[in-house]
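Read through the structure below, which is laid out as structure tokens, and then see the notes.
These figures come from a predicted structure and were not determined experimentally. Letters A, B, ... mirror the listed sequences (proteins, then strands); counts begin at 1.
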Amino acid sequence: MTKWITIAKHEFSYNVRRKEFLFVTFGLPIFMLAIMGIPILLMSVSISHEEYRIGYVDRTGSFEPLNFTGYPDEETARKELLEGKITHFFVIPPDYRSTGKINIFSTNRTLSGTVDDKIRDFMLENLLKGQKIDLVERIKDPMHSEYFILNEKGETGEDGFSALLVSIAFALFFMLSIFTSSNFLLQGVVEEKENRVIEILLSSVSYRELLIGKIFGLGAVGLTQIIVWSMIGAGLLFSNRLVFSILVERMHVSFALLVFALGFFILGFLVFASLMAGVGAVSTTTREGQQMAGIFSIIGAIPLIFSQFILMYPDAILTTALAYFPLTSPITMIMLLSIGEVQFHELMISVLILTFSTLLIIELSVKIFRVSLLMYGKKPTIGEMIKYVRES
Amino acid sequence: MENTVEVSHVSKSFNGQSVVRDISFDIASGEVFGLIGPNGAGKTTIIRMLLDIMRPDSGEIRILDAADKIKDMIGYLPEDRGLYRRLTIMDTLMYLGALKNRQSKERTLELLDKMGMLSNRDMKISELSKGMQQKIQIIAAICHDPGFIILDEPFSGLDPVNMKLVKDLIIQLGKEGKTILISTHMMDQVERMCDRILMIHKGSGVLYGSVGEIKSRFGKNTIFLEFEGQLENIAGVRKINYSGNYAELILEEGADAQNVLKNIVSMVRVNKFEISMPSLNEIFIQVVEGS
């Protein structure tokens, strides 16, 4: 078997068993699900099982009870609340019209959003007394917005919500996966330097075989992560339509988008992985390597920081620059592709730049690997590195 | 006899500092060869160049005849020891064997048995003592049955029991016809094991040849003494290397060993007196001081 395949297989099996990999791959979806799902679940539970009985004390003398219970004074309302006859009551002070202030009382802490909504409807209906019922209903719920994007020919594209959601979600997950697996590569190289295994490896394989084996092995780790996340996501979408129905309705992910996104993921990973291998080769400890790698990670995350700008101004110079610069192009292009704002020639230029940069960085990393890998405990300066690369 | 290794006028420098200077030597097939010198002499750099981990600035290196498969034919025990801490012994050895394209489970198990570690094969490297890890590394260097074995400081960090085990293994491999290069600063070890040696100092070769030939070149001017008491200035003795109740006495040119013995007997109680050739260690000191 070709040696780089042996290394790739080893790197894959060694890294998928890491605690960090298992934590990010399985822990992250659970964490996100908890953050997104628990409030929704709690809210639905509180809406369906809690019956609110609301009373009020009107000091302005202008409010009608509608479906609430009116009390002549605060004392009576307090007594009924404590006896459990009502769940809440509120006091409308005489200066309500000028201040808008009301005080709401209850015996326990509840999610106040639903109670607020009911009281708000009550106030609106009273304030708009005499107006037509459809107007009152409209004022209560004035707009249901949906965005459409017109292209140059005047045709409508996907709506803004799905574009934003899909692109940012894609970008986030892909970035996380690229950073996780390329960080494993960095850690692996530094660890092998620290525990001196690197010397045994290099007595068996060439620098290029070692680097390529590592890149492919860890690329497979990243892809595994993406596949696991996709499967968990798909499982959730199919199993809990109640919570995710809105997302399903609004997301329009085409097959072409997925193919291109995967392509950019692979190219993006290759660029970052070869960079990390170079960083690992010149780092003396894992911490030092991670500090140096942090600079590249921040550059890689720039498209996320500018995501709103990129999506709003896909033709701006900054967006174009981000779409062509090899460290930012994978995420930027995934964002632009998801809103359909990419011309074929732009796609090709970006792919070509990314491919060429990948090959160049791999070549440079091999040279840096060769000149600095066995310098234990000594970090070469940038000047020394340039000199070594030239010499080699 | 055909040569396994031929090194011709090899030099290497780092940052303008010369580490290896115009070194030439060869190792015959089936020979146990010693590359000796103090720490920092350039031994490891020479080994890394033999393994193509580093390339020489000038000069030529030729190993075996199978140019494209050289790395698969060499077994290497590096000076700096380390293994994947989270892998088991067996996984480690099988992976390192696979990288040589010559993975053999049978031979690996046989070597584990020989080193008394067969029952530990499923243990993780992190669970092993330092001595056990050393033994695993030695097995890793030879489990793919290489024709040429490079052992860089094979005895460092070993207790006397394991040191004997490793020595026996090297002797056994020598008998099997393997070509072995032992690099060490412990000169007394190679003296007994190596057919020929190259002694280097500050990157340059200072002595090269068979151990016997080198020693005879320096003449029978040494007395090995086992004694009780206090030795002081002895007429006819140029230098004394002490080691507890033992001492290596280097005689002045033309000094008579019998007269020296008389002088010694008057000072201390003598348990053993042997007129011999100087040790490699003393030869090295003489060469370095002379240069």
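One finds the CD1 atom of B/I53 at 11.5 Å from the OG atom of A/S206 (value rounded to the nearest 0.5 Å). Between B/L51 atom CG and A/I200 atom CD1 the span is 11.0 Å, to the nearest 0.5 Å. Between the OG atom of A/S203 and the CD1 atom of B/I150 there is a distance of 8.5 Å, given to the nearest 0.5 Å. Residue B/L99 holds its CG atom at 14.0 Å from CH2 of A/W4, rounded to the nearest 0.5 Å. In this structure, A/E191 CD and B/R86 CZ are separated by 6.5 Å, a value rounded to the nearest 0.5 Å.
Residue-environment remark: NZ (B/K167) exceeds the threshold of 12 foreign heavy atoms within 6.0 Å. By the 6.0 Å contact criterion, CD on B/E60 is open, its count of non-hydrogen atoms from other residues, nucleotides or ligands being 12 or less. By the neighbour-count criterion of 12 heavy atoms within 6.0 Å, atom CZ of A/R18 is densely surrounded, having more than that number from other residues, nucleotides or ligands.
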* To do: List the steps, then state whether side chain to side chain contact (heavy atoms under 4.5 Å, CB included) holds for A/L201 with B/L96.
  => CA-CA 8 Å; A/L201 299 179; B/L96 296 176; 4.2 Å; yes
* Go through A/E199 and B/R48 one step at a time and tell me if the side chain to side chain contact (heavy atoms under 4.5 Å, CB included) criterion holds. => CA-CA 9 Å; A/E199 207 158 332; B/R48 284 176 180 167; 2.9 Å; yes
* To do: Go through A/E192 and B/Y84 one step at a time and tell me if the side chain to side chain donor-acceptor pair (under 3.5 Å) criterion holds.
  => CA-CA 8 Å; A/E192 281 168 356; B/Y84 294 103; 2.7 Å; yes
* Evaluate side chain to side chain contact (heavy atoms under 4.5 Å, CB included) for A/K3 paired with B/D72, printing each intermediate quantity in order. => CA-CA 11 Å; A/K3 288 181 180 178; B/D72 294 353; 2.4 Å; yes
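For a residue to count as touching a neighbouring chain, one of its non-hydrogen atoms must lie under 4.5 Å from one of that chain's; by this rule B/E79 does not touch chain A. Neither the backbone nor the side chain of B/I74 comes within contact range of chain A; no heavy atom of the residue lies under 4.5 Å from a heavy atom of that chain.
Classified by interplanar angle (parallel below 30°, tilted 30° to 60°, perpendicular above 60°), the ring pair A/H10/B/Y95 is parallel.
Identified under the side-chain hydrogen bond (donor to acceptor under 3.5 Å, both in side chains) test for residues 168-180 of chain B, with sequence neighbours left out: B/T4-B/T179, B/D145-B/K178, B/K164-B/D168, B/Q172-B/E176.
Between the side chain of B/Y76 and the backbone N or O of A/S204 there is no donor-acceptor pair closer than 3.5 Å. Judged by distance alone, the side chain of B/K100 and the main-chain N or O of A/V205 form no donor-acceptor pair under 3.5 Å.
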